[in-house]
Amino acid sequence: MAHNNDAVRNKLIEISDKGLMLKAIALNVGVDVNDLSRFKGGMDCLKESDVEILSEYLSEVHIPQ
């Protein structure tokens, strides 16, 4: 199942803007924080399998208002 990198990136930006640190996301997903930061900044530097795991993780994250 192909994931839309832009949609995953936008969700990552939304979640990190609400206060969840990239380092915490990277640890939970199992990717390098530098690669995650580059992905957030617009580079396609994550493997498709990592994007899939990230997408699944971000869909489960809920940050209260």
Side-chain angles (χ1 to χ4, degrees):
M1 177 180 188
H3 289 273
N4 181 334
N5 282 0
D6 290 332
V8 176
R9 182 176 292 115
N10 289 337
K11 183 69 173 176
L12 175 62
I13 291 168
E14 176 188 332
I15 295 293
S16 64
D17 284 351
K18 290 183 179 179
L20 187 56
M21 294 175 50
L22 282 182
K23 184 175 182 178
I25 296 170
L27 285 171
N28 284 309
V29 174
V31 299
D32 183 76
V33 69
N34 295 316
D35 289 341
L36 190 60
S37 179
R38 287 195 272 297
F39 178 78
K40 180 183 173 194
M43 295 183 187
D44 291 329
C45 58
L46 294 180
K47 297 183 294 188
E48 183 61 34
S49 59
D50 291 338
V51 173
E52 187 174 320
I53 293 167
L54 177 61
S55 176
E56 291 172 12
Y57 174 76
L58 293 176
S59 70
E60 297 295 321
V61 171
H62 176 73
I63 298 179
Q65 296 287 334

> What do the steps show when you test Leu12 against Ile25 for side chain to side chain contact (heavy atoms under 4.5 Å, CB included), and what is the final call?
Replying inline: CA-CA 9 Å; Leu12 175 62; Ile25 296 170; 3.7 Å; yes
Pairwise distance [atom1]([X]) to [atom2]([Y]) - rounded to 0.5 angstrom:
X     : Y     : atom1 : atom2 : value
Lys23 : Asn28 : NZ    : CG    : 12.5 Å
Asp50 : Ser55 : CG    : OG    : 12.5 Å
Leu54 : Lys11 : CG    : NZ    : 11.0 Å

Validation: residues 36-47 side-chain donor-acceptor distances under 3.5 Å, sequence neighbours left out:
from, atom 1, to, atom 2, distance (Å)
Arg38, NH1, Asn34, O, 3.4
Arg38, NH2, Asp35, OD1, 3.0
Lys40, NZ, Ser16, OG, 3.2
Asp44, OD1, Asn5, ND2, 3.3
Asp44, OD1, Arg9, NH2, 2.8

> Taking only residues two or more places apart in sequence or in another chain, which ones pass side chain to side chain contact (heavy atoms under 4.5 Å, CB included) with Val61?
Replying inline: Ile15, Leu20, Tyr57, Ile63
